[in-house]
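In what follows, a single structure is set out as structure tokens and then discussed.
All values below come from the heavy atoms of this structure, side chains included, with hydrogens, waters and symmetry mates left out. In the text below, chain A, chain B and the rest are named by the order of the sequence lines, each starting its count at 1.
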Number of protein chains: 2
Amino acid sequence: MSFSTKGEYGVRLMVQLGRRYGSGPSSLAEIAAEEDLPRPYLEQLVMSLRDADLVTSTRGSHGGYELSRPPEQIPMIAVLRVLEGPIAPMICATDESAAAHEPTCDRTARCTVNFLWIRIRDAISTTLDGMTLADLVPERVPPIQPISLQESRHP
Amino acid sequence: MSFSTKGEYGVRLMVQLGRRYGSGPSSLAEIAAEEDLPRPYLEQLVMSLRDADLVTSTRGSHGGYELSRPPEQIPMIAVLRVLEGPIAPMICATDESAAAHEPTCDRTARCTVNFLWIRIRDAISTTLDGMTLADLVPERVPPIQPISLQESRHP
DNA sequence: TCGAATTCCGACTGAATCTGTCGGGATTAC
DNA sequence: GTAATCCCGACAGATTCAGTCGGAATTCGA
């Protein structure tokens with residue numbers, strides 16, 4: 001039972017974007033270097049985050065990615081759903097299609113076992129419900145003057 | 001983010017053993033048939049459960065498996081740890097080696113991100129801590145007379 | 001207008017894990 | 001002795017992981 005690196009890398013990417021929120025788009029190369037992650041792999045991840053409207057992209061030179069809204073308004077459960085798929089310890093206990101009660105419990109012990117998966121799922125969901133990206137972005141850099149960057153960035 | 005069928009099948013197996021607790025060993029073939037699961041696959045799972053001393057085996061004819069102790073004394077977290085490995089949403093957040101604080105947080109965003117994985121891990125752990133196998137074994141069959149079985153089992 | 005920087009996108013791949021299957025050996029009750 | 005059962009290791013197809021690669025499309029700035 002574990003998340004994959006998709007989840008880890010993707011969250012780290014989002015945290016970086018959270019720190020830079022308000023400074024315009026950041027290129028993937030920049031973030032990949034700072035987090036020491038393979039840029040082509042991050043590309044895959046950020047595309048799904050974009051499709052989910054969690055980040056927006058700007059093409060062309062000086063383009064990049066930025067959060068689609070402030071970190072406080074980005075629930076971590078949404079981030080993880082995009083990266084890792086629905087929070088479902090077992091197929092019978094999906095969180096997204098919670099309304100669609102499929103009667104997959106035809107065998108004897110299954111129904112009672114579902115109780116376990118649902119408890120686990122709910123535990124994760126409620127934990128994540130209370131968290132936004134802002135909780136993971138402690139050192140928020142205030143909108144920076146591009147002048148002060150120039151000297152310390154590329155020596 | 002999901003458990004594998006190891007977890008599902010294994011738990012279903014344990015529930016079956018819970019229902020039969022007190023009736024002597026049950027053969028795998030019996031349980032596999034009742035739960036409609038591949039017996040050779042269950043063999044693999046039950047061996048690790050045996051190695052973890054959650055079930056005991058009796059070899060030879062009329063042998064089989066049974067719980068090593070009553071369902072009330074079998075915490076579900078122990079069952080899932082055996083079947084699925086340590087409860088760790090990410091490598092940096094293992095539950096078993098919680099004492100060994102490895103300083104894997106050398107990069108910038110990692111430390112803050114660990115906070116997330118640890119919260120998730122703790123949510124699962126505390127949920128599971130309160131559950132034993134007895135919670136999943138509602139219809140407990142009292143020790144059965146082998147005579148009544150004989151006619152209804154193999155017609 | 002050209003070139004550099006960037007996103008966009010699909011295809012490919014080696015390794016690992018999942019989900020089993022198979023075949024036989026060891027042990028025990030009858 | 002024989003049938004039932006556990007024990008155990010090897011194998012294998014499918015899927016996912018964790019990337020890599022190459023190039024097309026877009027945009028900014030000189």
For Thr127(B), which residues count as a side-chain contact (heavy atoms from CB on, under 4.5 Å) partner, sequence neighbours excluded?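 Thr127(B) satisfies side-chain contact (heavy atoms from CB on, under 4.5 Å) with Arg119(A), Ala123(A) once adjacent residues are dropped.
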* Kindly write out the residues that satisfy side-chain contact (heavy atoms from CB on, under 4.5 Å) with Ser4(B), not counting sequence neighbours, or none if the list is empty. =>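 By the side-chain contact (heavy atoms from CB on, under 4.5 Å) rule, Ser4(B) matches Lys6(B), Glu84(B).
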Whether each nucleotide of nucleotides 7-19 of chain C has a protein heavy atom under 4.0 Å at its base (B), only at its sugar-phosphate (S) or at neither (-) is summarised, 5' to 3', as BBB--------SB
For residues 32-63 of chain A, the ring-ring contact (aromatic ring centres under 6.0 Å, His included) pairs (sequence neighbours left out) are Tyr9(A)-Tyr41(A)
- Query: Is the shortest heavy-atom distance from the side chain of Gln16(B) to the side chain of Glu34(B) under 4.5 Å?
  - Reply: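 Yes, close enough: below the 4.5 Å cut-off.
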Exercise. Check whether any side-chain heavy atom of Leu13(A) sits under 4.5 Å from a side-chain heavy atom of Leu37(A), and report yes or no.
Key: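 A side-chain contact under 4.5 Å is absent here.
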Integer-rounded Å distance: [N] [atom2] and [X] [atom1]:
X	N	atom1	atom2	value
Leu17(B)	dC6(D)	CG	C1'	14 Å
Leu37(A)	dC17(D)	CG	P	17 Å
Leu42(B)	dC8(D)	CG	P	17 Å
Leu45(B)	dC8(D)	CG	P	15 Å

Report yes if at least one side-chain N or O of His62(A) is closer than 4.0 Å to OP1 or OP2 of dG29(D); otherwise report no. yes
List, one per line, each side-chain donor-acceptor pair under 3.5 Å for residues 51-61 of chain B, sequence neighbours excluded.
none

- Have a look at Pro38(A) and say if it touches a base, only the backbone sugar-phosphate, or nothing, with a 4.0 Å heavy-atom cut-off. sugar-phosphate
Closest non-hydrogen atom pair, Val11(A) against Leu83(A)
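Nearest pair, atom of Val11(A) first, then Leu83(A): N-CD1, 3.9 Å.
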- Query: Considering all heavy atoms of both residues, which atom of Pro25(B) and which atom of Gly63(B) are nearest to each other, and what is their separation?
  - Reply: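 Pro25(B) and Gly63(B) have their closest heavy atoms at CB-C, 4.0 Å.
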One would report the end-axis bend of the helix from dT1(C)-dA30(D) to dC30(C)-dG1(D), five pairs per end and rounded to 10 degrees, as 10°
